Amino acid sequence: MKKAAGILLAGCMVVGLAACGGGKEETTTCTLEQNGVVIEMNLVAKGDKVTKLTQTSTINVEGYAEEQLDMLDATVESAKEAYGEIEGIEYSVETSDSEYVEKVVIPTDKDTLQAVVKAGLLPVDNEDVTELSLEATVSSLEESGWTVKE
């Protein structure tokens with residue numbers, strides 16, 4: 001009887017710990033304004049593990065010369081091609097006479113994350129990265145001048 005109660009108790013603990021480990025997803029927002037570009041990065045995480053990264057860059061193009069707009073369009077096309085080669089990534093750009101808004105959504109599962117790092121589209125210290133730590137990412141962004149809102 002004691003053995004059965006012990007096994008039942010151990011089973012309940014395992015289920016209880018698994019439920020606690022799941023937790024709900026939280027979003028941390030980091031922003032940076034540099035050279036007329038406002039960048040907002042939303043890090044969706046479960047605990048310390050980032051599950052999705054969404055970066056939105058807004059560029060005010062009022063007063064840009066035609067050559068500058070052509071260069072910006074070429075950069076957008078290059079980014080669209082680079083991100084388009086990686087399965088699971090969403091890349092879009094909305095343009096108007098006054099601004100360009102670029103949005104990149106990156107799921108951070110192991111395969112997608114490694115593909116993005118290998119393509120040089122996400123700077124990280126370890127090229128063999130399999131997951132992103134929310135704490136380490138936020139700390140790195142803050143050290144680079146980003147403002148963090150939780």
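Starting from 1, each residue takes its place in the sequence as its number. Everything quoted here is computed from the prediction, not taken from an experiment.
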Legend entry - Main-chain N/O of S140 paired to S144 side chain as donor or acceptor, under 3.5 Å: yes

Inset, instruction - Write down the atom of C30, the atom of L141, and the distance for their closest heavy-atom approach. - result: SG-CD1, 3.7 Å

Legend entry - Straight-line distance of T137 OG1 to E142 CD, nearest 0.5 Å: 11.5 Å

Legend entry - Side chain S78, main chain A74, donor-acceptor under 3.5 Å: no

Inset, instruction - Could you pull out all residues at least two apart from D111 that satisfy side-chain hydrogen bond (donor to acceptor under 3.5 Å, both in side chains)? - result: none

Inset, instruction - Check whether any side-chain heavy atom of T130 lies under 4.5 Å from a side-chain heavy atom of L113, and answer yes or no. - result: no

Inset, instruction - Check whether V148 and L53 end up in the same hydrophobic cluster, where Ile, Leu, Val, Met, Phe, Trp and Tyr are linked by side-chain heavy atoms less than 4.5 Å apart. - result: yes

Legend entry - Test item: I89 and V104 side chains (from C-beta on) under 4.5 Å apart, heavy atoms: yes

Legend entry - T51 and P107, any side-chain heavy atoms less than 4.5 Å apart: no

Legend entry - Shared hydrophobic cluster, V129 / V138 (ILVMFWY, side-chain heavy atoms < 4.5 Å): yes

Inset, instruction - For the residue pair I39 and T31, establish whether any side-chain heavy-atom pair is separated by less than 4.5 Å. - result: no

Legend entry - Distance in Å, E40 CD paired with K103 NZ, rounded so as to fall on 0.5 Å steps: 10.0 Å

Inset, instruction - Decide yes or no for T28 and N42: does some side-chain heavy atom of the first lie under 4.5 Å from some side-chain heavy atom of the second? - result: no

Legend entry - Spacing of OG1 belonging to T27 relative to CD belonging to E25, to within rounding of 0.5 Å: 7.5 Å

Inset, instruction - Go through the steps for T108 and K52 under the test side chain to side chain contact (heavy atoms under 4.5 Å, CB included), then give the verdict. - result: CA-CA 5 Å; T108 57; K52 182 171 72 171; 5.6 Å; no

Can you give the donor-acceptor pairs under 3.5 Å from side chains of residues 54-66 to other protein atoms, not counting sequence neighbours?
residue : atom : partner : partner atom : Å
N60     : OD1  : E62     : N            : 2.9

Legend entry - Between CG on residue D73 and OG1 on residue T95, distance to nearest 0.5 Å: 7.5 Å

Legend entry - Within-4.5 Å side-chain heavy-atom neighbours: V93 and K80: no

Inset, instruction - Is it possible for you to say whether V117 and M41 belong to one hydrophobic cluster, with membership spreading through side-chain heavy-atom contacts below 4.5 Å? - result: yes

Legend entry - Verdict with reasoning, E102 to V76, per side chain to side chain contact (heavy atoms under 4.5 Å, CB included): CA-CA 8 Å; E102 173 192 59; V76 165; 5.5 Å; no

Legend entry - CD/E135: more than 12 non-hydrogen atoms of other groups inside 6.0 Å: no

Legend entry - From OG1 (T29) to CH2 (W146), nearest 0.5 Å: 11.0 Å

Inset, instruction - Report yes if some heavy atom in the side chain of V50 is under 4.5 Å from a heavy atom in the side chain of E131; otherwise report no. - result: no

Inset, instruction - Give every residue pair that meets the ring pair (Phe, Tyr, Trp, His ring centres under 6.0 Å) criterion with at least one member in residues 84-138, sequence neighbours excluded. - result: Y83-Y91

Inset, instruction - Answer whether the closest heavy-atom distance between the side chains of L132 and L122 falls below 4.5 Å. - result: yes

Inset, instruction - Please check if I106 and V101 belong to a single hydrophobic cluster, counting links between Ile, Leu, Val, Met, Phe, Trp and Tyr side chain heavy atoms closer than 4.5 Å. - result: no

